[in-house]
Structures are given as C-alpha cells and as structure tokens.
J.: 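Mind having a look at this structure? Questions to follow.
Excluded from the calculations below are hydrogen atoms, water molecules and symmetry mates; all remaining heavy atoms, backbone and side chain alike, are included. All of these numbers come straight from a predicted model, not from anything done at the bench.
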Amino acid sequence: MAIILVPFLLSGCFDRYRTTESLCNDNLSLCQALNLNDGQCRIQRTNLIWQRYTTLQDPIDKQKFKELKLTKEYQFCLEYAAIIEPTELKQRKTKRIQALYHSYESIERLNQELRLSQDPHIIYYRWSQGDHIAKQQFLALEGNKKLEHPDLQLALAGYYIRKNKTKTLHILHHSLSLYKTNDDININILHSLATLYYQQKNIGSAYVWVEVAANYQQKKKQQKKKQQTTRSTIKNKFNLTDNERQRLDIIAFQIIAALKSGQYKRTEIIAQLQ
C-alpha cells in the first residue's frame, strides 16, 4: 500500500516550504535526479521528495527506512512508466529511465546505510531480503520489548507456523492485544487466525475470524467477491445451524468492538468459544 504524505502537514516544513517546487528550488539534490514536471508517478515522487527532506533534517535509521520504502514505491511506478511512450516531449521517457536508474542507486545506498541498524523493523526487512544473519538477530529478540509490535509479532508467527501451530496461535492473539484504540488492524493477522483454526478443524473459531476479517475488508470492493466466497464455503461446508451462526456472529462482533477499543484479550474469547 502506498504511503500518502501531505507536505503542508509535516511539522517543521510548513513554515519554510509550502510547495514541493519551493522545496526543490532550495534543495536541488533532493529532486534533480527525479522525473520532475511529469504526470507519471507524481504522488510517489512528491512523497519521496518530502521524506528525503525529513531524512536530511533528521538522518536516523527510522527516517532512512521510510525513505527506502518510498523509494521502492517510486521505483515500482517508474518501472511501468518507463515503458510508456509519451505522446509529446519524447525526452520525458529518457528522464523516466534516468530517474529509474537513480532509484536503484538510492535503494542500494540506503540498504548499505541500514545494514547494521538495530531497529527490529529494519532487521526484519533485511531478513525478508534474504539476510540470514538478520534472521538470527530477529529471532534472538523474541520475548524482548523491542518486538512488542503487531507487525513484528506477525513476522515471528510466520517463523513458527510450520514448527509449532499452538505457539503460532498464541503469538497471533498476542499481536492483536498490542493494538490501541482505533489503530489500523493488519488484516493478515486475522486471515492467519482463520486459516490456522480451519486447518485444526476448529470450525467455530475459523468462522469467527473469517467474520472479523470480513468486517475489515468490507470497504475494499475488489476483495468483496473473494470475501463472500470464503464465508459461504465455511457456512456451507460445515453446515452451521442458524443458532450456531448467531452465537458466533455475536462473538465476532465482540472481538471487533474489543479491537476498536484497544481492549482485546484472548482469554475472554476462548471462554466464549468453548
């Protein structure tokens, strides 16, 4: 998912710069290698420019990592835009290709600058890129407060899923307990719970977590058909009675309410499902 940044809301930037153009005029190094004055990849380019400025002002690993992710989004867009033949100003394609090469160089530079970072999100990123040392560093943090973040717990669950499903379920439930009021829920956690319970033939729990996941998907029209198919499969294949569905729907509603209020506790849910 693209990260959308609103330049005029960035603290520290508002007073001095009100537009991306004014920012670029005073900081040529942030912008000159990009495909400026081009409608292609405009959002990704603007987000990257402002993040580069933030990193310049505060060059810590966290900001560099944000810049890395935004550079990858910009690169992904450019890889498509570079093959488009402009109807006018043929040099635009050349500029896009140059910007694409620049994005490769920027990603390599940022990767090098972050290769020794002790930030667990960055360690996991390096692991996801095939760094085996980072994998051991990440796993060594298990039980450490530094790993007390829903996405990091999901990553840990991914490691254990083929080794210990009981432990994996515990980690996934714990990850949900880390959310605060009105936080955005990582829907992959919900899908993982539904899948694991389904595999264990715990149909009641599987149904509940499919319903919870469906609630968080309902605004995504492109997923609606798949969502309805999954729900119908569980309802039809396991022949849940109307009374069973009603009871499980109530539990799903209570889970959703608990997640929204930042009060999710696994023990309360287990008691209701037994």
J.: Okay, side chain of Gln51, backbone of Gln63: is any donor-acceptor separation there less than 3.5 Å?
T.: yes
J.: Is there a donor-acceptor contact under 3.5 Å linking the side chains of Tyr207 and Asp249?
T.: yes
J.: Salt bridge check: are Glu73 and Lys69 linked by an N-O gap of less than 4.0 Å?
T.: no
J.: Using distance alone, with no hydrogens and no angle criterion, decide if Tyr74 and Asn35 have a side-chain donor and acceptor under 3.5 Å apart.
T.: yes
J.: With a 4.5 Å limit on heavy-atom distance, are the side chains of Leu176 and Ile255 in contact?
T.: no
J.: Tyr159 vs Trp127 aromatic rings, parallel, tilted or perpendicular, using cut-offs 30° and 60°?
T.: perpendicular
J.: Do Ser22 and Thr19 get their side chains close enough for a donor-acceptor pair, meaning under 3.5 Å?
T.: yes
J.: Are a donor atom and an acceptor atom from the side chains of Asp26 and Tyr53 found within less than 3.5 Å of each other?
T.: no
J.: Between Glu142 and Tyr160, does any side-chain donor sit less than 3.5 Å from a side-chain acceptor?
T.: yes
J.: Report the C-alpha separation of His102 and Gln32 in whole Å, then their side-chain angles, then the decisive distance to 0.1 Å, and conclude whether the side chain to side chain donor-acceptor pair (under 3.5 Å) test is met.
T.: CA-CA 10 Å; His102 171 68; Gln32 60 186 3; over 6 Å; no
J.: Take Asp119 and Lys62 through the salt bridge (charged side-chain N to carboxylate O under 4.0 Å, His left out) test and state the conclusion after the steps.
T.: CA-CA 8 Å; Asp119 183 313; Lys62 180 179 179 180; over 6 Å; no
J.: Are a donor atom and an acceptor atom from the side chains of Thr55 and Glu67 found within less than 3.5 Å of each other?
T.: yes
J.: Ion pair present between Asp183 and Lys180, side-chain N to carboxylate O less than 4.0 angstrom?
T.: no
J.: Any chance you could lay out the salt bridge (charged side-chain N to carboxylate O under 4.0 Å, His left out) test for Glu105 and Arg109, step after step, and finish with the verdict?
T.: CA-CA 6 Å; Glu105 294 170 353; Arg109 172 182 59 80; over 6 Å; no
J.: I'd like to know if the side chain of Ser117 and the backbone of Leu114 have a donor-acceptor N/O pair within less than 3.5 Å.
T.: no
J.: For Phe65 together with Tyr125, are the ring centres under 6.0 Å from each other?
T.: yes
J.: In terms of side-chain heavy atoms, does Gln137 have a donor or acceptor partner in Arg126 at a distance below 3.5 Å?
T.: yes
J.: Looking only at the side chains, is there a donor atom on one of Asn27 and Tyr17 sitting less than 3.5 Å from an acceptor on the other?
T.: yes
J.: Cation over ring, Lys201 on Tyr198, under 6.0 Å and within 45°?
T.: no
